[in-house]
Participant: 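First the structure, then my questions, so here it is.
First the proteins, then the strands, lettered A, B, ... as listed; each starts at 1.
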2 protein chains.
Amino acid sequence: MGRDKAWTVEAVAERLGVTPRTLHYYEEMGLIPNVQRTPGGHRLYDEETIERIEHILRLKDALGYSLQEIRSILSTEDQLRTYRERIREGREPEHNLHMLEESVRLLEDVLQHIDEKMAKLAAMREQYLDRLARIRARLDREALHRSLDKPIDSEGQ
Amino acid sequence: MGRDKAWTVEAVAERLGVTPRTLHYYEEMGLIPNVQRTPGGHRLYDEETIERIEHILRLKDALGYSLQEIRSILSTEDQLRTYRERIREGREPEHNLHMLEESVRLLEDVLQHIDEKMAKLAAMREQYLDRLARIRARLDREALHRSLDKPIDSEGQ
DNA sequence: ACCCAATCTTACGTTGACGTGAGTTTCAGA
DNA sequence: TCTGAAACTCACGTCAACGTAAGATTGGGT
């Protein structure tokens, strides 16, 4: 089972642009279960766990979800993964239909959330692009004035 | 000067989906200056102010800016507006070039922020669309199984 | 074997963005 | 004019998401 490079808290924290405390806190909140440990108790993060944390940070920063909401989203996704594995093992899970439907509902909610946010952002983008264009035009006029009013002054230290 | 329909706090709050306290707080933080008042001291919001508040809410909810950051963004935009008015009055503002450049920088920062966020959202959208498609496929297979295993049961109450 | 930097747990502190009374004053309609 | 609903101003409370300090333990290089 190959690529099990282990990362320390500080390494992961620096890589993801957060502090160790944040990683501890997420674990404490139940967002990242089953973090590996050294015999002495130091945390070790594998690539899969780091990707999970990156997912958490995207849900938080880009979508603005609270950690509680993220936990519920992740737990549903975890349930789904568990379900997949049970299927692969040939076991017959109960309540699979219900669970699948719930997953669909959750994913649709998240997608709608994403779409709404993208729409808002697109509108704001247009608005700000417009403003920027106007100011740039004015800046050009300003520069023109100066070049006419004052003597030529290229490369003034 | 035309359309000066005045709104009360509760009306504005309900329209924007916030509480009166939030509007008070934004004013207290210096995000919405010059709110009109009745002789008795009750606040009156005109259309322009409401649009400003909507702008604030977009910057907060869609872009995730803190109120401090929003204040600095708005103050720069206000400066720009003041500058425009001074130009129209024929007065000659000082430091206009510097101010325009600063405005450009700020707007570029916001735009970059928007673009980064949209990129993240687009990536997440793809990812979630993919997952949703997979689950829907599995749901279809489940439904098929059931329709084969069990007797026909159309329109079960 | 040693040492010091990194990590651990525990627990209280902080900050932003409001929530929530309390007591008073204002407004709009009958 | 009168009255109840709505608004006002303090001012303290709350909650999420970490920050931070303390004291003990661990791990990797010389």
Side-chain angles (χ1 to χ4, degrees), chain A residues 4-46 49-50 52-75 113, chain B residues 4-46 49-50 52-75 113:
Chain A
D4 292 358
K5 177 150 195 284
W7 296 63
T8 71
V9 252
E10 275 218 340
V12 175
E14 189 179 1
R15 172 173 160 185
L16 301 186
V18 298
T19 69
R21 170 60 174 148
T22 300
L23 299 177
H24 292 165
Y25 184 62
Y26 288 178
E27 189 178 343
E28 192 182 334
M29 292 290 100
L31 298 180
I32 23 180
N34 313 325
V35 177
Q36 297 296 95
R37 301 280 186 137
T38 70
H42 287 198
R43 271 163 264 246
L44 290 177
Y45 298 86
D46 56 16
T49 304
I50 295 178
R52 185 187 181 91
I53 301 173
E54 285 178 323
H55 189 189
I56 293 173
L57 292 175
R58 277 193 301 268
L59 286 171
K60 185 172 88 77
D61 295 332
L63 281 174
Y65 280 120
S66 73
L67 296 188
Q68 314 262 352
E69 292 168 319
I70 293 175
R71 177 166 53 193
S72 119
I73 292 174
L74 289 183
S75 87
H113 203 133
Chain B
D4 291 358
K5 176 150 197 283
W7 296 64
T8 71
V9 253
E10 274 219 340
V12 175
E14 189 179 2
R15 171 173 162 186
L16 301 185
V18 299
T19 69
R21 170 61 175 148
T22 300
L23 299 177
H24 293 165
Y25 184 62
Y26 288 178
E27 189 178 344
E28 192 182 333
M29 292 290 99
L31 298 180
I32 23 181
N34 313 324
V35 176
Q36 296 297 93
R37 301 280 187 137
T38 69
H42 287 198
R43 270 162 265 246
L44 290 177
Y45 297 86
D46 55 16
T49 304
I50 295 179
R52 184 187 181 92
I53 301 174
E54 285 178 322
H55 189 189
I56 293 173
L57 292 175
R58 277 193 301 269
L59 286 172
K60 185 172 88 73
D61 294 332
L63 282 174
Y65 281 120
S66 72
L67 296 188
Q68 314 263 351
E69 292 168 320
I70 293 176
R71 176 167 53 192
S72 120
I73 291 174
L74 289 183
S75 86
H113 203 133

Participant: For K60(B) and T38(B), take the nucleotide of DNA chain C holding the closest heavy atom to each; which residue's nucleotide lies nearer the 5' end?
Facilitator: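 In this pair, the answer is K60(B).
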Participant: Given atom CG of L59(A) and atom C1' of dA17(D), what is their separation to the nearest angstrom?
Facilitator: 16 Å
Participant: Ignoring backbone atoms, establish whether R43(A) has a side-chain N or O less than 4.0 Å from OP1 or OP2 of dC8(C).
Facilitator: yes
Participant: Which residue, Y65(A) or P20(B), contacts DNA chain D at a nucleotide closer to its 5' end, judged by nearest heavy atom?
Facilitator: P20(B)
Participant: So, K60(B) and E54(B), do they make that salt bridge, N to O below 4.0 Å?
Facilitator: no
Participant: Which pair of heavy atoms, one from L23(A) and one from V12(A), lies closest together, and at what distance?
Facilitator: CD1-CG1, 3.8 Å
Participant: Between dC15(D) atom P and Q68(A) atom CD, what is the distance in whole Å?
Facilitator: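 From Q68(A) CD to dC15(D) P: 11 Å.
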Participant: Nearest-Å distance, CG (L23(B)) to P (dA6(D))?
Facilitator: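 Distance check: L23(B) CG to dA6(D) P gives 16 Å.
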Participant: Quick one: is Y26(B) getting a side-chain N or O under 4.0 Å of the dC18(C) phosphate, OP1 or OP2?
Facilitator: yes
Participant: Taking only the side-chain nitrogens and oxygens of H24(B), find out if one of them lies under 4.0 Å from OP1 or OP2 of dC18(C).
Facilitator: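 Answer is no, no contact under 4.0 Å.
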Participant: Measure the distance from NE2 on H42(B) to P on dT9(D) and round it to the nearest whole Å.
Facilitator: 9 Å
Participant: Can you tell me how far P of dC10(D) sits from CD of E28(B), to the nearest Å?
Facilitator: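 So the two atoms are 10 Å apart, to the nearest Å.
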Participant: Write down the distance between OH (Y25(B)) and P (dA11(D)), rounded to a whole number of angstrom.
Facilitator: 17 Å
Participant: Counting only side-chain nitrogens and oxygens, does R21(A) get under 4.0 Å of the OP1 or OP2 atom of dT9(C)?
Facilitator: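 So the side-chain polar atoms of R21(A) never come under 4.0 Å of the phosphate oxygens OP1 or OP2 of dT9(C).
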Participant: Output, in order, the C-alpha distance, side-chain angles, deciding distance and verdict of side-chain contact (heavy atoms from CB on, under 4.5 Å) for L63(A) and E69(A).
Facilitator: CA-CA 11 Å; L63(A) 281 174; E69(A) 292 168 319; over 6 Å; no
Participant: Measure from CG on L31(B) to C1' on dA17(C) and round the result to the nearest Å.
Facilitator: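 Value for this atom pair: 11 Å.
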Participant: Around Q36(A), counting heavy atoms of other residues, nucleotides and ligands shown, do more than 12 lie under 6.0 Å from its CD?
Facilitator: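 At most 12 heavy atoms, drawn from other residues, nucleotides or ligands, come within 6.0 Å of this atom.
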Participant: Assess, by modelled atom type and distance only, whether the side chains of T22(A) and T19(A) contain a donor and an acceptor separated by less than 3.5 Å.
Facilitator: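 Judged by distance alone, the side chains do pair up.
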Participant: Hey, is the side chain of T8(B) poking within less than 4.0 Å of OP1 or OP2 on dA7(D), counting only N and O atoms?
Facilitator: yes
Participant: Please confirm whether the shortest side-chain N or O distance from T19(B) to OP1 or OP2 of dC18(C) is below 4.0 Å.
Facilitator: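 Checking dC18(C) against T19(B), no side-chain N or O comes under 4.0 Å of OP1 or OP2.
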Participant: Between R37(A) (CZ) and dT25(D) (P), how many Å, whole number?
Facilitator: 16 Å
